[in-house]
Trainee: 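Before anything else, here's the structure in question.
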Amino acid sequence: LFDGKTLFSRDLTVLVYPMKYFIFKAYHEGFMPFWNPAVYSGKPFLAEMYPGVLYPLNLIFFLHDFTTAFNWFYILHYVLLGLSVYTLVRYWGISVGAALCSAVTALLSGFFLSLPASGHIFYSSVWLPSIFYCAQRYLQEKKTSWFLGAVFCLACQILGASPEFSILTVLTLFFWSLTLPPSARWGQRVLRRGLVVTAMVLLSCGITAIQLVPTFLLTKESTRSGGMDFATHASWSMQPSDLATLLAPKNYAGFMEAVAIEDF
């Protein structure tokens, strides 16, 4: 990463790298990349959401060297992940050593190490600990600054361009909030905390409407807008025999060589 090289694999090579380079060029040439003229006869770019044109951490692409900016883009996400996990665990009253172990576990986990190749899922997922931290601080301290912090982090997660992970975060946040020390009866707690989470979601969606509205309009032009038939869904289903990998993972020692031979 510090030797003029960068990550490559799967979607990074054919999707993420070209898209971020296009954003980099747009920033330096002074235009907003609403449209990509280099694909087919031109196609929407910002509205696709996947490129994450309005994602705040894209500001790193104002650096003059793209490779350096691209590398630091990923490094910043890992820094954010490690610091937010450490801060959240410390807020729970866990020791410094245990909090450090938690942060390192997140950084070295298979989940987060595998996600950079997927791009948008990685950008969105690293905001989860920050959202939980700010939300819990607000629920327990009732300070507006923590509420706004949770809204900002959730907005960043949405602009990271993984709506499925944002939905998962919101659902988890709601049910998790009900487990916090009770401040009222069960029914009142469900109502109050449900309203808090709903307000966070609505405000974050309002902030990110400049991205969500074009994306919503574009989905109507997709062949998937009407859904897919069962055969298409089932063709990508996991085979029952793959459940054995829960106990005995496959050997991927020659994965890159196998991919290279197959492509050749």
Side-chain angles (χ1 to χ4, degrees), residues 49 52 54-59 76-107 109 111-112 115 120-213 215-216:
M49 193 175 192
L54 302 175
Y55 183 54
L57 292 189
N58 279 349
L59 292 174
L76 286 175
H77 282 84
Y78 278 107
V79 170
L80 171 64
L81 173 64
L83 289 178
S84 59
V85 169
Y86 175 84
T87 303
L88 177 62
V89 175
R90 284 292 291 152
Y91 182 68
W92 289 342
I94 308 300
S95 67
V96 172
L100 286 172
C101 287
S102 298
V104 172
T105 300
L107 292 172
S109 66
F111 179 76
F112 285 110
L115 282 181
H120 64 304
I121 302 177
F122 177 65
Y123 315 145
S124 291
S125 63
V126 299
W127 288 95
L128 187 144
S130 300
I131 294 170
F132 275 53
Y133 174 73
C134 292
Q136 183 172 358
R137 291 292 298 264
Y138 173 73
L139 289 171
Q140 296 185 332
E141 301 175 22
K142 299 297 186 294
K143 291 184 178 179
T144 305
S145 58
W146 292 117
F147 178 84
L148 296 177
V151 171
F152 171 77
C153 292
L154 186 56
C156 289
Q157 187 183 66
I158 294 171
L159 294 174
S162 180
E164 65 275 30
F165 205 92
S166 297
I167 293 171
L168 176 63
T169 297
V170 169
L171 291 175
T172 307
L173 179 63
F174 169 71
F175 289 108
W176 171 76
S177 69
L178 300 181
T179 68
L180 298 176
S183 58
R185 294 180 180 180
W186 172 257
Q188 293 176 332
R189 188 161 73 251
V190 171
L191 178 61
R192 289 177 182 176
R193 295 181 179 177
L195 289 175
V196 168
V197 173
T198 301
M200 290 178 179
V201 172
L202 291 177
L203 281 174
S204 60
C205 287
I207 293 172
T208 58
I210 190 173
Q211 172 68 76
L212 295 178
V213 172
T215 299
F216 173 73

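Hydrogens, waters and symmetry mates play no part in the numbers below; they use all other heavy atoms, side chains included.
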Trainee: Using only atom types and a distance under 3.5 Å, with no angle test, would you say the side chain of Thr208 pairs donor to acceptor with the backbone of Gln211?
Mentor: no
Trainee: Counting C-beta onward and ignoring hydrogens, is there a side-chain heavy-atom pair between Trp176 and Thr179 closer than 4.5 Å?
Mentor: yes
Trainee: Any chance you could measure Ile131, atom CD1, to Met200, atom CE, to the nearest 0.5 Å?
Mentor: 10.0 Å
Trainee: Which pair of heavy atoms, one from Ser177 and one from Leu139, lies closest together, and at what distance?
Mentor: CB-CD1, 3.7 Å
Trainee: Please list, one pair per line, the donor and acceptor atoms closer than 3.5 Å that link side chains of residues 152-163 to other protein atoms, with sequence neighbours excluded.
Mentor:
| residue | atom | partner | partner atom | Å |
| --- | --- | --- | --- | --- |
| Gln157 | OE1 | Thr169 | OG1 | 3.4 |
| Gln157 | NE2 | Ser124 | O | 3.1 |
| Gln157 | NE2 | Thr169 | OG1 | 3.0 |
| Ser162 | OG | Glu164 | OE1 | 3.4 |
| Ser162 | OG | Glu164 | OE2 | 3.4 |

Trainee: Examine distances only and state if a side-chain atom of Ser109 and a backbone atom of Ala106 form a donor-acceptor pair shorter than 3.5 Å.
Mentor: yes
Trainee: Any heavy-atom pair between the side chains of His77 and Leu81 that's under 4.5 Å?
Mentor: no
Trainee: Search all heavy atoms of Val126 against all heavy atoms of Ser84 and return the closest pair with its distance.
Mentor: O-OG, 4.2 Å
Trainee: Quick check: closest heavy atoms across Val96 and Tyr86, and the distance to 0.1 Å?
Mentor: CG1-OH, 3.7 Å
Trainee: Any chance you could measure Ser125, atom OG, to His120, atom NE2, to the nearest 0.5 Å?
Mentor: 10.5 Å
Trainee: How about CZ on Phe111, more than 12 heavy atoms from neighbouring residues, nucleotides or ligands closer than 6.0 Å, or not?
Mentor: yes
Trainee: Using the rule given for side-chain contact (heavy atoms from CB on, under 4.5 Å), can you reason through Phe174 versus Val190, listing the C-alpha separation, both sets of side-chain angles and the distance that settles it, and then say yes or no?
Mentor: CA-CA 9 Å; Phe174 169 71; Val190 171; 4.1 Å; yes
Trainee: Verify the neighbour count for atom OH of Tyr91: are there more than 12 heavy atoms of other residues, nucleotides or ligands below 6.0 Å?
Mentor: yes
Trainee: Could you check whether the rings of Phe122 and Phe112 sit parallel, tilted or perpendicular, using 30° and 60° as the cut-offs?
Mentor: perpendicular
Trainee: Output the distance between atom OG1 (Thr215) and atom CD1 (Ile210), rounded to the nearest 0.5 Å.
Mentor: 11.0 Å
Trainee: Could you check whether any side-chain heavy atom of Ile167 comes within less than 4.5 Å of a side-chain heavy atom of Leu171, counting everything from C-beta outward?
Mentor: yes
Trainee: For a quick test of reading the model, state the closest non-hydrogen atom pair linking Leu88 to Pro129 and the distance between them.
Mentor: CD2-O, 4.0 Å
Trainee: Say you draw a straight line from CG of Leu148 to NZ of Lys143; how long is it, rounded to the nearest 0.5 Å?
Mentor: 13.5 Å
Trainee: Hey, are the side chains of Trp92 and Gln136 touching, using non-hydrogen atoms and a 4.5 Å cut-off?
Mentor: yes
Trainee: OH/Tyr133 to CZ/Arg90 distance, rounded to the nearest 0.5 angstrom?
Mentor: 11.0 Å
Trainee: Is Tyr123 close to Leu115 at the side-chain level, that is, under 4.5 Å between some pair of heavy atoms?
Mentor: no
Trainee: Kindly check if the number of other-residue, nucleotide or ligand heavy atoms within 6.0 Å of CG (Leu178) is above 12?
Mentor: yes
